[in-house]
Amino acid sequence: MCMLNGVRIFASDKIWRQILADFGATVTDVPAITDINFDDLKLDDVVNPIQLKAAILAAADGGRALFEIFGRSVILPQLQARIVVLLYKTGGMTYQDLRIALGVMPDTTSHAIDTAIYQLRQQFGREFIKNIDGVYKIGKL
């Protein structure tokens, strides 16, 4: 499984180092300023691969992804920004995977994600976030 290809990450825990390497990340021995410091992510003891990837991608972003997408600095509410970055960096996600990555429990009722996607489409056009065969993807502005 290579879900973290191209990601450089430092982790002090031996088990997490192996897990991250198994997911395709380049695990470093010493934290560098440009690497993600896994120890700083403060993840729960139990995370699924989607939550792990979402946390790492969010830590790696630092606003660069939004600039790449929009070609300018854009300030979005936190949930909207997280949705856009996740869809951009993953290439697309099902609604269920998006909910899990954003920390919404599968058995809870919430319309926050639906509302955020609706607001993004209103602001940037209906084609900005597409749903293709059940997978949400970043479209065009």
Side-chain angles (χ1 to χ4, degrees), residues 1-13 15-141:
M1 190 181 277
C2 297
M3 63 187 247
L4 295 175
N5 277 352
V7 175
R8 291 182 44 87
I9 191 164
F10 166 79
S12 61
D13 184 273
I15 295 171
W16 275 115
R17 290 174 62 81
Q18 184 60 53
I19 291 168
L20 294 166
D22 288 345
F23 282 143
T26 301
V27 182
T28 62
D29 295 324
V30 179
I33 192 95
T34 57
D35 296 341
I36 297 166
N37 189 331
F38 184 80
D39 298 350
D40 291 343
L41 294 182
K42 310 281 190 264
L43 295 173
D44 294 337
D45 292 336
V46 178
V47 294
N48 66 42
I50 294 170
Q51 291 169 320
L52 176 65
K53 183 176 182 180
I56 291 170
L57 291 177
D61 179 36
R64 290 186 309 261
L66 290 176
F67 189 85
E68 288 175 24
I69 294 164
F70 294 101
R72 58 185 166 87
S73 293
V74 174
I75 297 174
L76 295 173
Q78 183 181 9
L79 180 59
Q80 290 180 19
R82 289 182 66 203
I83 289 170
V84 170
V85 170
L86 281 169
L87 295 179
Y88 176 73
K89 290 203 170 212
T90 62
M93 299 177 85
T94 66
Y95 184 73
Q96 189 64 24
D97 286 346
L98 186 58
R99 285 175 55 96
I100 293 168
L102 293 169
V104 178
M105 299 305 294
D107 57 347
T108 60
T109 302
S110 173
H111 297 288
I113 296 171
D114 298 316
T115 302
I117 290 172
Y118 173 78
Q119 291 168 338
L120 285 164
R121 286 175 170 163
Q122 279 199 312
Q123 186 174 358
F124 299 107
R126 178 95 180 119
E127 296 297 311
F128 179 60
I129 295 181
K130 293 182 172 190
N131 185 332
I132 301 168
D133 297 325
V135 176
Y136 286 94
K137 296 181 177 201
I138 296 294
K140 58 183 176 178
L141 289 170

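Just so you know, these numbers use all the heavy atoms, side chains as well, and skip hydrogens, waters and symmetry mates.
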Distance-minimising heavy-atom pair for [X] and [Y]:
X    : Y   : answer
L41  : A55 : CD2-O, 4.2 Å
A116 : L79 : CB-CD2, 3.9 Å
F67  : S73 : CD1-N, 3.6 Å
A21  : V27 : N-CG2, 3.8 Å
M93  : I50 : CE-CG2, 4.0 Å

From [X] [atom1] over to [Y] [atom2], what is the distance, rounded to the nearest 0.5 angstrom?
X    : Y    : atom1 : atom2 : result
Y118 : R126 : OH    : CZ    : 10.0 Å
I138 : K89  : CD1   : NZ    : 12.5 Å
I75  : L66  : CD1   : CG    : 10.0 Å
T90  : L98  : OG1   : CG    : 8.0 Å
I113 : Y95  : CD1   : OH    : 5.0 Å

Given 3.5 Å as the limit, does a donor-acceptor pair link the side chain of [X] with the main chain of [Y], or not?
X   : Y   : result
R8  : T26 : no
R17 : T28 : yes
Q51 : N48 : yes

Answer yes or no: is there a side-chain heavy-atom contact under 4.5 Å between [X] and [Y]?
X    : Y    : answer
L87  : K137 : no
L141 : F128 : yes
L52  : F38  : yes
I117 : N131 : no
F124 : V84  : no
I83  : L76  : no

Inset, instruction - Count the heavy atoms belonging to other residues, nucleotides or ligands that lie under 6.0 Å from CD1 of I15, then report whether that count exceeds 12. - result: no
Inset, instruction - Using a strict 4.0 Å threshold on nitrogen-to-oxygen distance, state whether D114 and R99 make a salt bridge. - result: no
